Protein chains: 2
Amino acid sequence: MRDVVKAFKALSDKTRLRILNLLLEKECCVCEVMQTLGISQTSASRNLSALYDAGFLKLRKNGLWSLYSIDQEGMKEYFPDLINAVRKALEGNEVVAMDREHLKKAERIGPGCARQPS
Amino acid sequence: MRDVVKAFKALSDKTRLRILNLLLEKECCVCEVMQTLGISQTSASRNLSALYDAGFLKLRKNGLWSLYSIDQEGMKEYFPDLINAVRKALEGNEVVAMDREHLKKAERIGPGCARQPS
DNA sequence: AAAATACAACCGTATATGCGCATATAAGGA
DNA sequence: TCCTTATATGCGCATATACGGTTGTATTTT
């Protein structure tokens, strides 16, 4: 029960929904998220952690990068319809659509952040 | 977007998930909820309101009773998969199963509360 | 070795949320 | 009209949460 509450709590925040929206597009490192959404590194890191702790994300480390992505398998096991619910809840939203546009450009922005991990 | 956040926020509370579980069984008045879950009238009323404001419930007044139930149509329109996600997230949970048992008995408990509205 | 980079953890503060108590409202009946 | 019942709401308190700034740690680059 606590896990269910935690899961919904993780989803009940605008920033975290925007992050989830990015990750529905592709795997991202912390600084891609922070640049794309225009939030602080602190905020990006903390909110990614919250989504991770709630069981929505998986983490892959590659050198300096912490690469977060949707944990498709975990989601299907514990919250079968939830990821779809989120996707549909966000579709058509303006902010979220703009974020997706920004994400495309963010790949080349910043001091080395969006370089491909070697 | 604010609506989506509000919806998930409404779901990110143990009491409200338990209430939703009861309403998945049947339409309930405030005092059935408060008795079944063993919470205060204030808490029952306010948490039902929160779920109502988030768009999950519909309200039918009958005499003194405020009868809340799942707004199936509204849910399908705005959050197509969410009600299923909630249902599956709660299934197998002990507290929630016990609540459903208590609900059956609650119909005859209390000073006139669970009498059928005239 | 030193500097730069990516990220996480800690700290203080502002705001949000949940709860109980008391009270208000609203409907029905004597 | 007064009383009871069912529900809603204002208020204050305790706690939770979000955020920015700073610091710490690990890794890569120079």
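Remember, it's a predicted structure, so these values are computed and weren't measured experimentally. Values below: all heavy atoms of this structure, side chains included; hydrogens, waters and symmetry mates excluded.
Salt bridge status for B/K6 with B/D53: absent, with no side-chain N to carboxylate O gap under 4.0 Å. A salt bridge is defined here as a Lys NZ or Arg NE, NH1 or NH2 lying under 4.0 Å from an Asp or Glu carboxylate O, and A/E25 with A/K104 fails to meet this definition.
Side-chain atoms of B/L24 and B/I83, non-hydrogen and from C-beta on, do get closer than 4.5 Å to each other. Annotation: side chain of A/S69 is not in contact with side chain of A/L57 (no heavy-atom distance under 4.5 Å).
B/K6 has its NZ atom 11 Å from the P atom of C/dT17, to the nearest Å. The CG atom of B/L67 sits 15 Å away from the C1' atom of C/dA26 (whole-angstrom rounding). The CG atom of B/L64 sits 10 Å away from the P atom of D/dT5 (whole-angstrom rounding). Distance CZ (B/R46) to C1' (C/dC19): 7 Å, rounded to an integer number of Å. In this entry the distance linking CD1 of A/I39 with P of C/dA8 reads 12 Å, nearest Å. Taking atom CG on A/N62 and atom C1' on C/dA6, their separation rounds to 12 Å, with Å as the unit. The CD-C1' distance, from A/Q35 to C/dC7, rounds to 14 Å in whole Å. Atom-to-atom, CE of B/M34 to P of C/dG18 comes out at 20 Å; the value is rounded to the nearest Å.
Side-chain heavy atoms closer than 4.5 Å link hydrophobic residues (I, L, V, M, F, W, Y) into clusters, and following such links, possibly through other members, connects B/L59 to B/M34.
Note on A/T42: a base of the nucleic acid sits closer than 4.0 angstrom, heavy atoms only. Contacts of B/S45 with the nucleic acid, taken as non-hydrogen atoms under 4.0 Å apart, include base atoms.
Close to C/dC19, at under 4.0 Å from its OP1 or OP2, lies a side-chain N or O of B/N47. When the side-chain nitrogen and oxygen atoms of B/S40 are compared with OP1 and OP2 of C/dC19, none of them lie within a distance under 4.0 Å. Not one side-chain nitrogen or oxygen of A/Y68 sits closer than 4.0 Å to the OP1 or OP2 atom of C/dA6. Residue B/K61 places none of its side-chain N or O atoms closer than 4.0 Å to OP1 or OP2 of C/dA27.
At least one donor-acceptor pair under 3.5 Å links the side chain of A/T36 to the backbone N or O of A/E32. Proximity of a side-chain donor or acceptor of B/N47 to a complementary backbone N or O of B/R16 within less than 3.5 Å is not detected.
Of the candidates C/dG20, C/dC7, D/dT17, C/dG20 carries the atom nearest the B/S43 side chain, counting heavy atoms from C-beta on.
Under 3.5 Å, the side chain of A/Q41 and the base of C/dA6 form no donor-acceptor pair of N or O atoms.
Within residues 14-25 of chain A, the residues having any heavy atom under 4.0 Å from DNA chain D are, by residue number, A/T15, A/R16.
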